[in-house]
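Quick notes on the structure that follows.
In what follows, chains carry the letters A, B, and so on, assigned in the order in which the sequence lines appear, proteins first and then strands, with residues in each chain numbered from 1.
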2 protein chains.
Amino acid sequence: MSGVVKLTKTLSDGREQIVGLQFAPDFLGRPFKSESTITAQAATSVSLCSFPKRTVENLLKKSPSLEHRLLQQTLRELDEARSWMVTLGRKTAMEKVASFLLLIVSYIDPDADPLCQTADFDLPLTRAEIADFLGLTIETVSRQLTKLRVDDVIQIEHNRHITVGSIDRLKFRAGF
Amino acid sequence: MSGVVKLTKTLSDGREQIVGLQFAPDFLGRPFKSESTITAQAATSVSLCSFPKRTVENLLKKSPSLEHRLLQQTLRELDEARSWMVTLGRKTAMEKVASFLLLIVSYIDPDADPLCQTADFDLPLTRAEIADFLGLTIETVSRQLTKLRVDDVIQIEHNRHITVGSIDRLKFRAGF
DNA sequence: CGCGCGATTGAGTGAGCTCAAGCCTCGTGG
DNA sequence: CCACGAGGCTTGAGCTCACTCAATCGCGCG
């Protein structure tokens, strides 16, 4: 109902990768499967509404329209995951960080005027979490954010608050 | 109905990433959306059964059980995409290549005895395509395959045919 | 005040990239 | 039957971007 949840996967030696971010009001969970290798963790304070898995599955069986909505969300998550695979596999550190900021902007302001050139928001993740999201180290994330700041593409206050002066300049850094 | 299809996304400067492989008999396409930034290409000879988008969407509207099957496949694809994100973001070149071989084994022999320690198959992709799948260069893929061969984990014949002596040794290289 | 946590910054290293040369196989045409 | 060329692959040498390791900073809290 509110807050941000991160979905992670971990290798046996501790390397971690964030494989999804869920913003309210998404459905969270994996129906039709008894277990999953994915871990869900609150990234911010989260409030949610929880149902027994059995109940959800029965409800889905009885209501095709509910199942339809779940399908729509799952397709959207698949689109997002695949976009992110390009970022993970083919972009440089700078492009990854810029892409991440743009992603957050699009979540925070889902229906902002696409012509609006500025944005202002709090990062929902720590540097370490951003690194796990981008497949980078914390130091590299920090260096790239600093570079964006000294190049005057963004401003940073209190580590977490970001002000983007020109969305287009940020997009340029994200490598499209 | 048969063959392998690769789903790719491309950046404006030509960098390419394979974001999914589809083996028969999967459903291919993106319902409920007029366009997508994903390209589908045949990786092998492919035979398929095609319907107008409108027809499919009407069919889905009328048949909840068909929609349910589509939801199941979409959830499976999402699981696969997220597993792959860990590989792209957190694994070394050696681990990526070994993971790729294991992935192909699991597709080729969907229900092989999990205790069976050997496998024998043709790669459905060229080195260049494997590189685009793994977020590597063609040279790095080639070097890692050579290393697996020299270390006697696999044998390679005619570039495309792979024989795995010990699945467990390959799994060890894949980094779990 | 001291401590812990998160973040930044610097120096040095190395895994994977780039560029370049060469090999193998197969199909085509002389 | 062989010469040739093209495409796919391998191998080598050198370089670079991101990683590792380490020191330091700043802030909030007990």
Side-chain angles (χ1 to χ4, degrees), chain A residues 6 11 13-18 41-45 87-101 122-151 153-162 173-175, chain B residues 6 11 13-18 41-44 87-101 122-151 154-162 173-175:
Chain A
K6 53 176 180 156
L11 295 175
D13 61 2
R15 282 175 287 177
E16 191 164 309
Q17 176 69 45
I18 295 185
Q41 287 173 278
T44 63
S45 298
T87 302
L88 287 173
R90 288 299 180 201
K91 290 195 183 177
T92 64
M94 176 79 276
E95 291 169 340
K96 285 181 180 184
V97 170
S99 301
F100 171 74
L101 293 178
D122 281 322
L123 291 174
L125 305 182
T126 66
R127 299 291 189 272
E129 289 169 328
I130 298 172
D132 283 339
F133 195 80
L134 296 171
L136 297 172
T137 60
I138 181 174
E139 294 95 331
T140 300
V141 171
S142 180
R143 280 185 242 272
Q144 301 306 326
L145 283 173
T146 300
K147 185 149 184 21
L148 285 174
R149 180 169 51 71
V150 302
D151 291 356
V153 179
I154 62 173
Q155 282 131 271
I156 306 179
E157 291 157 66
H158 305 303
N159 286 340
R160 289 292 196 111
H161 191 81
I162 304 284
R173 302 277 178 140
Chain B
K6 53 176 182 158
L11 295 175
D13 62 2
R15 282 175 287 177
E16 191 164 310
Q17 176 69 45
I18 295 184
Q41 288 173 276
T44 63
T87 303
L88 286 173
R90 288 300 181 201
K91 290 194 182 177
T92 64
M94 175 80 275
E95 292 168 341
K96 286 181 178 183
V97 171
S99 300
F100 171 73
L101 294 177
D122 280 321
L123 291 174
L125 304 182
T126 65
R127 300 289 188 274
E129 289 169 328
I130 297 172
D132 284 339
F133 195 80
L134 295 171
L136 297 173
T137 59
I138 182 173
E139 294 94 332
T140 301
V141 172
S142 179
R143 280 185 242 272
Q144 301 306 325
L145 283 172
T146 300
K147 186 151 182 24
L148 284 174
R149 181 169 51 72
V150 172
D151 293 354
I154 62 174
Q155 283 131 269
I156 306 178
E157 291 157 66
H158 305 303
N159 285 340
R160 289 290 196 110
H161 192 80
I162 306 283
R173 302 276 179 140

If you measure from [atom1] on [X] to [atom2] on [Y], what distance do you get to the nearest 0.5 Å?
X	Y	atom1	atom2	value
Asp132(B)	Thr126(B)	CG	OG1	8.0 Å
Leu123(A)	Arg160(A)	CG	CZ	7.0 Å
Leu125(A)	Arg127(A)	CG	CZ	10.5 Å
Arg149(B)	Thr146(B)	CZ	OG1	5.0 Å
Thr140(B)	Leu134(B)	OG1	CG	10.0 Å
Leu136(B)	Met94(B)	CG	CE	10.5 Å

Please identify the 5'-most and 3'-most nucleotides of DNA chain D with any atom under 4.0 angstrom from a heavy atom of chain B.
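Range of nucleotides touched by chain B: dC9(D) to dA13(D).
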At 10 degrees resolution, what angle do the end axes of the helix from dC1(C)-dG30(D) to dG30(C)-dC1(D) form when each is taken over five base pairs?
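One end's axis against the other's: 20°.
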Residues touching DNA chain D, which here means a heavy atom under 4.0 Å, drawn from residues 88-101 of chain A
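Output list: Thr92(A), Ala93(A).
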Tell me whether Gln17(B) contacts the main-chain N or O of Phe133(B) through its side chain, where contact means a donor paired with an acceptor under 3.5 Å.
yes
Please determine whether side-chain contact (heavy atoms from CB on, under 4.5 Å) holds for the pair Lys91(A) and Leu11(B), giving the CA-CA distance in whole Å, both sets of side-chain angles, and the decisive distance to 0.1 Å.
CA-CA 9 Å; Lys91(A) 290 195 183 177; Leu11(B) 295 175; 3.9 Å; yes
Starting at the 5' end of DNA chain D, which residue's closest nucleotide do you reach first, His158(A) or Leu136(A)?
Leu136(A)
Pair Ile154(B), Leu145(B) - check side-chain contact (heavy atoms from CB on, under 4.5 Å), show working.
CA-CA 8 Å; Ile154(B) 62 174; Leu145(B) 283 172; 4.1 Å; yes
Before accepting this row, confirm whether a basic side-chain N of the pair Asp151(A)/Arg173(A) lies closer than 4.0 Å to the acidic partner's carboxylate O.
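Salt bridge present between Asp151(A) and Arg173(A).
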Excluding sequence neighbours, so at least two apart, what forms side-chain hydrogen bond (donor to acceptor under 3.5 Å, both in side chains) with Asp13(A)?
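Partners of Asp13(A) under the side-chain hydrogen bond (donor to acceptor under 3.5 Å, both in side chains) test: Arg15(A).
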Quick one: list whatever passes side-chain contact (heavy atoms from CB on, under 4.5 Å) with Arg143(A), sequence neighbours left out.
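Residues passing side-chain contact (heavy atoms from CB on, under 4.5 Å) with Arg143(A): Glu139(A).
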Protein N or O to nucleotides 5-10 of chain C N or O, pairs below 3.5 Å:
from	atom 1	to	atom 2	distance (Å)
dA7(C)	OP1	Arg127(A)	N	3.3
dA7(C)	OP2	Arg127(A)	N	2.9
dT8(C)	OP1	Arg127(A)	NH2	3.2
dT8(C)	OP2	Arg127(A)	NE	2.9
dT8(C)	OP2	Ser142(A)	OG	2.6
dT8(C)	O5'	Ser142(A)	OG	3.0
dT9(C)	OP2	Thr146(A)	OG1	2.9
dG10(C)	N7	Arg143(A)	NH1	2.9
dG10(C)	O6	Arg143(A)	NH2	3.1

